Structures are given as structure tokens and as C-alpha cells.
Protein chains: 2
Amino acid sequence: MTARKPVRYNPSRPSPDDALIGPPRTPNTVGPTITDVAREAGVSAATVSRILNGRHHGDPAIRDRVQATALALGYVPHGGARSLVTRRNGALGVLLPNLFGEFWVEFLRGIDDTSRERGIHLLATSSHADPVQLRNAAAAMRGRVDGYLIVAPGNRADDVITMLAQTAPVVVVGIDARASGAPSLMIDNAAGARAVAEHAMSRGFRHLAMITGPETNGDAIARRDAFRAAIACAGDDVTLTEFVGDFSQDSGWSAAHTMLAHPRRFEFCFACNDSMAIGAMSAFRDAGIRVPESLAIAGFDDVPMARYLTPALTTVHVPIEELGRRAMSMLISSVVKGAPAKPTVQLITTTLIVRGSTVMESKGPS
Amino acid sequence: MTARKPVRYNPSRPSPDDALIGPPRTPNTVGPTITDVAREAGVSAATVSRILNGRHHGDPAIRDRVQATALALGYVPHGGARSLVTRRNGALGVLLPNLFGEFWVEFLRGIDDTSRERGIHLLATSSHADPVQLRNAAAAMRGRVDGYLIVAPGNRADDVITMLAQTAPVVVVGIDARASGAPSLMIDNAAGARAVAEHAMSRGFRHLAMITGPETNGDAIARRDAFRAAIACAGDDVTLTEFVGDFSQDSGWSAAHTMLAHPRRFEFCFACNDSMAIGAMSAFRDAGIRVPESLAIAGFDDVPMARYLTPALTTVHVPIEELGRRAMSMLISSVVKGAPAKPTVQLITTTLIVRGSTVMESKGPS
DNA sequence: CTGGGGTGGGCAAACGTTTTCTCGGGACCG
DNA sequence: CGGTCCCGAGAAAACGTTTGCCCACCCCAG
């Protein structure tokens with residue numbers, strides 16, 4: 001008896017031994033085939049195929065009979081066989097980074113809605129922080145998807161994207177992938193970060209802190225750099241001190257504690273995403289620091305939760321769901337056209353939403 | 001020219017015209033085939049197949065040569081062709097309800113991690129509130145997945161589940177599907193709700209409010225009923241007033257406003273999930289009501305955010321990620337065994353986590 | 001009435017893979 | 001030295017679907 005090899009993580013192999021589980025060779029568990037329908041309806045399989053795909057132009061009586069038979073038998077075409085001959089899968093691969101926080105639900109909703117409207121399946125997987133994992137995940141999807149939506153890849157993933165983009169349509173969210181030949185959607189992080197900086201200045205804050213995001217995340221870097229640059233233009237009496245985070249609530253909490261131990265008394269804190277802002281606010285609360293009176297704080301993303309915090313969070317609104325929606329639309333039209341889209345960069349505009357965490361206010365959810 | 005039929009939503013059809021998009025008949029865009037590898041390595045396709053699947057027991061030199069060739073060519077087996085002959089897809093279907101709130105990120109992480117560990121793909125889709133949508137989504141996945149994970153189906157989805165469970169392994173999360181022949185994982189909502197009730201009593205609260213969840217959600221119903229029952233046992237001097245919500249933050253906010261307009265002065269509010277609790281807390285804050293001094297509030301789920309709220313939210317801890325993990329494990333082992341698992345019900349235990357929204361406290365994230 | 005054109009539908013090939021069967025060769029034992 | 005057995009690898013069938021090609025039939029016109 002030759003037992004199956006245990007599935008192991010081995011990036012050097014072209015990953016052929018993935019994913020096939022279950023008892024070998026269980027005959028026909030899959031349901032009726034097109035041949036069954038054809039026999040039952042007294043026509044050929046070709047006719048059934050043409051009718052069910054709307055390519056039939058003949059006798060309406062036959063059409064109705066075949067459709068009725070298919071319905072009665074509960075026939076559903078076998079996707080694998082179909083994609084084998086048509087060379088199209090009707091599915092798209094979605095490669096996400098680590099799943100943490102409300103941001104991703106919003107984003108997933110956008111892409112799921114769009115793909116569902118178009119009758120397209122989604123093969124999704126997450127946790128592809130490093131290029132090797134990304135390559136493996138993409139390889140595993142090969143032959144099952146018609147295109148890839150790559151979200152927030154690390155900044156060393158260029159060659160993987162290049163390789164992928166040569167074989168299938170690819171849309172990248174979060175970094176500029178023009179060099180890899182793939183169109184990109186990017187949040188206008190710079191504008192958002194600048195808006196936060198200007199807001200802070202206009203309120204007269206002089207000693208600013210920033211909680212940065214993970215080094216591997218393009219959005220995090222862009223926000224940090226733009227904020228730095230904006231502050232640098234401000235004048236010598238304005239200081240900026242940076243604390244490292246990783247986009248998680250916990251890291252925001254820790255960064256806030258480090259911040260409190262710092263000799264300088266900060267007046268304003270910019271967290272590079274909302275999750276960290278939430279963690280930091282919690283730490284400030286525990287330390288007895290009043291927000292915004294003693295320390296104002298702003299985030300980035302405007303997750304739904306932001307307006308419900310106490311105080312409500314000033315943040316940069318990102319149309320997260322629309323971002324997903326547009327990325328998916330772009331990918332779909334690229335697949336439909338059969339050619340990769342022009343490797344352009346679309347910028348998703350952001351808007352500063354001022355709430356109670358930077359100014360005193362009293363009213364409900366805006 | 002016979003244009004393709006536009007994709008339309010038509011539940012009465014066996015949904016054959018789904019999901020195939022793109023230019024018809026683009027020849028070999030998919031990459032090298034097993035035949036290419038075989039020719040290049042000077043062996044037969046059968047040998048390549050055996051080697052790459054670890055079923056080869058012959059000459060190691062051949063094995064190395066074939067593996068090297070496959071790697072060099074970047075060969076990845078065509079999933080469709082493979083599943084056609086093996087009758088296994090290496091993919092599982094995940095059917096989710098509407099995607100809102102942090103709960104689902106946690107859950108998705110659990111199932112994604114588990115499936116990725118096993119090298120299994122995930123076909124996911126959401127928004128199958130009503131049985132028809134559920135049936136359609138499941139039908140579209142047929143022939144592409146080896147089993148289904150159905151999460152929080154509406155309470156009228158029994159026959160759909162029954163049908164599905166006859167053709168493939170199914171695991172249901174959120175309702176008792178024993179009658180449909182599928183094993184279920186359920187949160188111990190009753191114990192959690194009782195714990196909240198007891199906590200409220202022990203703090204001496206007499207006038208209680210509850211914000212209920214959607215009628216179509218099994219968890220929501222179970223929490224409501226258990227809370228009702230626990231309060232009913234309490235004695236005549238304890239009152240319970242119910243306000244309707246739908247698990248969204250907005251609905252919690254609205255329910256809280258209705259609550260404030262109620263003549264009775266409530267001392268304790270139980271929101272049937274954390275999202276609504278967050279919305280309600282925000283409304284209370286806006287109304288100038290101090291939590292917990294004037295009104296205590298508790299939620300359910302213990303999403304990561306809960307501990308970071310101001311005040312931190314007393315809630316019933318649900319091991320969400322583990323729930324996803326266990327559901328996926330159960331489904332996988334059912335698929336591996338090739339037989340549906342025993343239609344049992346596994347109860348996921350819950351724990352009350354007392355934080356600042358019901359008692360005065362001062363320390364950081366617990 | 002007959003021939004031709006148009007059309008409806010069947011036949012068969014092809015997609016890429018796994019797996020059974022079969023064949024050939026080498027080694028070991030008698 | 002010869003026969004038998006075992007092992008390794010190739011040939012080929014099969015999976016379920018789509019689609020190009022061709023045949024046959026029907027209808028209409030000459």
C-alpha cells in the first residue's frame with residue numbers, strides 16, 4: 001500500500017501534491033452528468049450543452065424538454081471538465097495579507113458583492129506576507145482561476161507579480177505594480193496623511209507623535225512618509241516622534257505605552273490605521289489621559305467602528321468597500337477582454353473626517 | 001453571431017450559464033502541461049504524474065530528472081483536469097451570511113488557517129440570507145468543492161441543507177442541523193446569556209433592557225430566549241424590556257435611542273452581540289449617560305475590539321477563531337473519511353468576561 | 001417534381017490528468 | 001544456464017464537457 005505523502009510545506013517543489021484529499025476513486029458521487037440528461041431527454045450531449053449554454057437556436061420543444069430534464073435530474077455541469085475544455089474557470093483568486101481588523105471585512109464585502117453579481121467564484125486565501133508564500137499560494141491556484149487580485153503584497157513581491165502577470169490578468173491593490181506590468185489601485189495615502197498633518201497644525205499642536213505600520217505594507221510606508229514630509233515643512237518649532245506598530249490593536253496599545261513613557265508631552269498622535277488608534281486610545285484612557293483635551297488622536301481608514309468610539313475617532317476616510325469593488329471590476333473586465341489591463345495606477349481619494357478625538361464635540365454618529 | 005446570454009439571476013434554472021467569462025477559446029494560455037514535462041524529461045506522462053504525486057518507487061535518477069524538469073518549466077498541474085479524473089477537488093465551499101463586523105474576520109481567519117495548513121482551497125461567498133440564495137450559491141459550487149461549510153443559515157434552510165448533505169459532506173455552524181443529517185457546531189448561547197443575566201442580578205440591577213438580533217439568526221434567537229428565561233426565573237421585581245436590532249452597529253445605536261425614549265429608567269442593557277453594544281454605547285455617550293454608573297451594558301462575542309472600548313465592554317467570550325478552526329477541521333476529516341460525519345452537535349463553550357461597562361474598574365486590557 | 005440552400009442536431013475530437021493494465025527487462029534461484 | 005518472478009515504466013482508457021464539422025432533413029423555388 002502506497003500511502004499518500006503527507007502534505008508538507010516545501011517551496012522548492014512546484015507544489016503538485018497539494019489539496020487532493022478524501023478517499024481515492026469514489027465512483028460517481030458527483031451527480032448526474034450531461035450524458036444522463038441527454039439520454040433521459042433523448043438528445044445528444046452536444047445538444048444539451050448548447051441548450052444549457054444558450055447557444056441553441058433549434059426546436060423550442062427540444063429546448064424545453066431538455067431544460068425540464070436537467071432541472072428534474074438536478075443536473076449541474078462539472079466545473080472542472082468545463083474549464084478543461086473552455087480554458088476558463090469562472091473563478092478569480094484573491095490573495096490577502098494577514099486578516100486582522102474590520103478593514104478586511106469591508107474589503108471582502110466589496111469584492112464578494114461584485115464577483116457574485118457577475119456570477120464569478122472567489123478562491124481566497126490569506127497570510128502571504130513574504131514573497132515565497134505569495135508565490136506558493138498563487139501557484140496552488142493556477143489552473144483554477146482566471147486572474148489574480150493581489151492585495152497589499154510585501155514590497156519585495158515584485159518578481160512574483162511580474163511572473164504572475166505574464167500568465168494571467170492581475171490587479172494589485174496597495175502598491176504601485178506598474179513595473180510588474182499590472183494595473184494597481186492605491187489609496188491616496190499621501191493626501192490623507194497630509195490632511196491629518198494640516199488638521200493637527202491648524203489646531204495649534206506642536207508636539208506630534210506617530211504610530212507607524214508594518215514595514216512590509218505599502219500603505220503604512222506611504223502614510224508615514226507623507227506625514228513626515230508634511231511635518232518637516234511645518235517649521236522648527238514642530239516636533240514629530242515616531243513609534244512603531246504593526247497595524248494591530250495590540251501594537252497600538254503598546255506604542256501608546258511607550259509614548260507615555262517618553263519624556264516629551266505629546267499633544268497629538270497620528271496612528272497610521274484605525275486599529276492602532278483604537279488600541280492607543282484604550283491605553284490613554286487607562287493612563288487617565290483625556291482625549292482630546294490632553295492628547296488628540298487621529299487614525300486612518302475610517303472603519304465603521306471609528307464613529308462609535310468614545311470619543312469618536314478623527315480619521316481619514318477610505319472607501320474600503322468601494323476599493324474592493326473597483327479592484328474586482330477592473331480585474332473582471334481585464335479577464336473579459338482577455339488581455340491584461342494597461343498597467344496604470346488608480347488613486348482612491350481619501351477624506352479627512354474630523355470627530356471628537358481631535359476636537360470637542362457633542363453630537364451623535366456623523 | 002450568437003452572443004452569449006447575459007448572466008441573469010434565475011433560480012429556476014439549474015444555473016448552467018454561470019461564471020464562464022472571458023474570450024472563448026484562447027489556446028494554451030495556461031502554461032506547460034504534464035506532456036511537456038514528460039517530453040522534456042524523456043519519460044511518459046504517467047511517470048511524471050506518479051513522481052509528482054509521490055507514487056513513484058523506481059529509479060531515483062529519473063525522479064530527480066523529472067522533478068528538476070517540472071521545476072524548470074514551472075509546471076503546475078491543471079486542477080480541473082485533475083479533479084475530473086480523481087473526483088476530488090481539493091477545495092471546500094464556504095457559505096457565509098452577510099459580512100458585517102469584526103466577528104467574521106476572526107472566523108475567516110480560523111477557517112483559512114486550517115484549510116491552508118491542509119493545502120485545501122476555499123471557495124467562499126456570502127450573502128445567502130434566504131434559502132433560495134443559499135441553494136443557488138451551493139449549486140454554483142457543485143463540482144468544484146468536496147464539501148460545504150454552511151455558516152449561520154436562516155432557520156428555513158433545512159431542506160437545502162438536507163439536499164446538500166446527501167451529495168457531499170456538510171458542516172453547519174450556528175444552527176442545529178441534526179434533522180438534516182449534518183453535524184453542527186453551535187455556540188453555547190444559552191450559557192452565555194444566562195451568565196450575563198446572573199451577572200446583572202448579582203450587581204443588583206432590577207430594570208433590564210435587551211437589544212435582540214435578527215430573527216433569521218439562530219444565535220440571536222438562542223441568546224434572546226435564554227436571557228428571557230433566566231430573567232423570568234428571577235422574581236417579579238425584575239423587569240425585562242426588549243428592543244429589536246439586527247446585529248449591526250447602526251441598529252444598536254437606533255435601539256439605544258428608542259430605549260432612552262422609553263419611560264422606564266433602565267439600569268442594565270444586554271446587547272445580543274458586541275456590534276450592537278458598541279452602537280448603543282455610542283448613543284448613550286451622546287446622550288450624556290455614563291456607563292456603567294447610570295447604565296451598565298454587556299455584549300456577546302468578545303470581538304477583539306471589545307477590550308479597547310471606553311469603557312471596556314463586558315461581554316461573553318466566544319472563541320471565534322477556534323470555532324472556525326474546529327468547523328473546518330470537522331469538515332476536512334469528514335471529507336477525508338469520505339463519509340458524512342455523525343450528525344451530532346458540538347457546543348462551543350462561552351465565558352463571561354467582566355469589564356468596565358458593567359463594573360467600575362481602572363486597569364488596562366485584560 | 002426535383003434540386004439546392006439553409007438549418008438543426010449528432011458525431012467525435014480535444015482538453016490535461018490519473019490509474020489500470022500490460023509488457024519488458026533484470027535479477028535471483030534452481 | 002535457463003526459467004520464473006518481480007519491479008519499473010509506458011500505453012491507453014477514462015473522467016465530463018464544449019465545439020468544429022458534417023450529414024440529413026425540410027422548405028421553397030424553379
Side-chain angles (χ1 to χ4, degrees), chain A residues 2 4 16-20 22 24-39 41-63 65-66 70 73 75-90 142-144, chain B residues 2 4 16-20 22 24-39 41-63 65-66 70 73 75-90 142-144:
Chain A
T2 69
R4 280 194 68 77
D17 56 350
D18 60 344
L20 283 196
R25 212 77 186 110
T26 313
N28 215 345
T29 47
V30 72
T33 73
I34 201 173
T35 320
D36 298 329
V37 178
R39 178 167 18 80
V43 295
S44 75
T47 303
V48 177
S49 171
R50 278 187 283 253
I51 288 175
L52 294 184
N53 288 303
R55 296 227 206 296
H56 177 86
H57 302 291
D59 192 346
I62 292 185
R63 175 166 49 76
R65 180 154 43 94
V66 168
L73 263 55
Y75 167 70
V76 175
H78 187 288
R82 199 183 213 187
S83 80
L84 183 58
V85 54
T86 61
R87 295 175 174 289
R88 284 166 289 158
N89 309 81
R142 188 156 162 196
R144 298 170 181 274
Chain B
T2 68
R4 281 193 68 77
D17 56 350
D18 60 342
L20 281 196
R25 212 77 186 109
T26 312
N28 212 347
T29 47
V30 71
T33 73
I34 199 172
T35 320
D36 298 329
V37 178
R39 179 167 19 81
V43 295
S44 75
T47 302
V48 176
S49 172
R50 277 187 287 252
I51 287 174
L52 295 184
N53 288 302
R55 297 225 205 298
H56 176 88
H57 301 291
D59 191 346
I62 293 185
R63 174 165 50 77
R65 179 154 44 96
V66 168
L73 264 56
Y75 167 70
V76 176
H78 187 287
R82 199 182 213 187
S83 79
L84 183 58
V85 52
T86 60
R87 293 174 174 291
R88 284 166 289 159
N89 309 80
R142 189 157 159 194
R144 297 171 181 275

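Model, not experiment: these values are computed from the prediction.
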### Task
Could you say whether B/Gly42 or A/Ala45 is positioned toward the 5' end of DNA chain D, judged by the nucleotide with the nearest heavy atom to each?
B/Gly42
### Minimum-distance pair of heavy atoms, taken over all atoms of B/His78 and A/Ser83
CE1-OG, 3.8 Å
### Query
Among D/dT19, C/dT17, C/dC15, which nucleotide sits nearest the side chain of A/Leu84?
C/dC15
### Query
Between D/dG10 atom P and B/His57 atom NE2, what is the distance in whole Å?
16 Å
### Query
Can you tell me if the side-chain N/O atoms of A/Arg55 get under 4.0 Å from OP1 or OP2 in D/dT18?
no
### Query
CG of A/Asp36 versus C1' of D/dT17: gap in Å, rounded?
13 Å
### Query
Between D/dG16 atom P and A/Asn53 atom CG, what is the distance in whole Å?
17 Å
### Message
Out of the candidates A/Val66, A/Ile34, A/Asp36, only one should pair with A/Tyr75 under the side-chain contact (heavy atoms from CB on, under 4.5 Å) rule; please name it.
### Response
A/Ile34
### Summary
Of the candidates D/dG16, C/dT17, C/dA12, the side chain of A/Thr33 sits closest to D/dG16
### Task
Examine the base of C/dT20 for any acceptor or donor lying under 3.5 Å from a partner atom in the side chain of B/Arg50, and report the outcome as yes or no.
yes
#### Entry: side-chain N/O B/Ser44 vs D/dG10 OP1/OP2, d < 4.0 Å
yes
### Whole-Å gap separating P (D/dC15) and NE2 (A/His78)
12 Å
## Note on the structure
To the nearest angstrom, the CD1-P distance between B/Ile62 and D/dG10 comes to 7 Å
### Summary
What one should report as the nearest heavy-atom pair of A/Ile51 and A/Arg63 is CD1-CA, 3.6 Å
### A/Ala45 versus A/Ala38, closest heavy-atom pair with distance
N-CB, 3.5 Å
### Task
May I have the distance from A/Arg88 (atom CZ) to D/dT18 (atom C1'), rounded to whole angstrom?
10 Å
### Query
Within this structure, what is the CD1-to-P distance between B/Ile34 and D/dA12, rounded to whole angstrom?
17 Å
### Query
CZ of B/Arg82 versus P of D/dA14: gap in Å, rounded?
22 Å
### Query
In terms of side-chain heavy atoms of A/Thr86, which of D/dT17, D/dT19, C/dT17 is nearest?
D/dT19
### Message
Can you see if the side chain of B/Thr47 gets near the phosphate of D/dG10 - specifically, an N or O under 4.0 Å from OP1 or OP2?
### Response
yes
### Message
Is there a side-chain contact between B/Arg87 and the phosphate of D/dC15, meaning an N or O under 4.0 Å from OP1 or OP2?
### Response
no
### Query
Is the distance from OP1 or OP2 of C/dG9 to the nearest side-chain N or O of A/His56 less than 4.0 Å?
yes
### Task
Indicate yes or no for a side-chain donor-acceptor contact from B/Arg65 to the backbone of B/Ala41 under 3.5 Å, with no hydrogens or angles considered.
yes
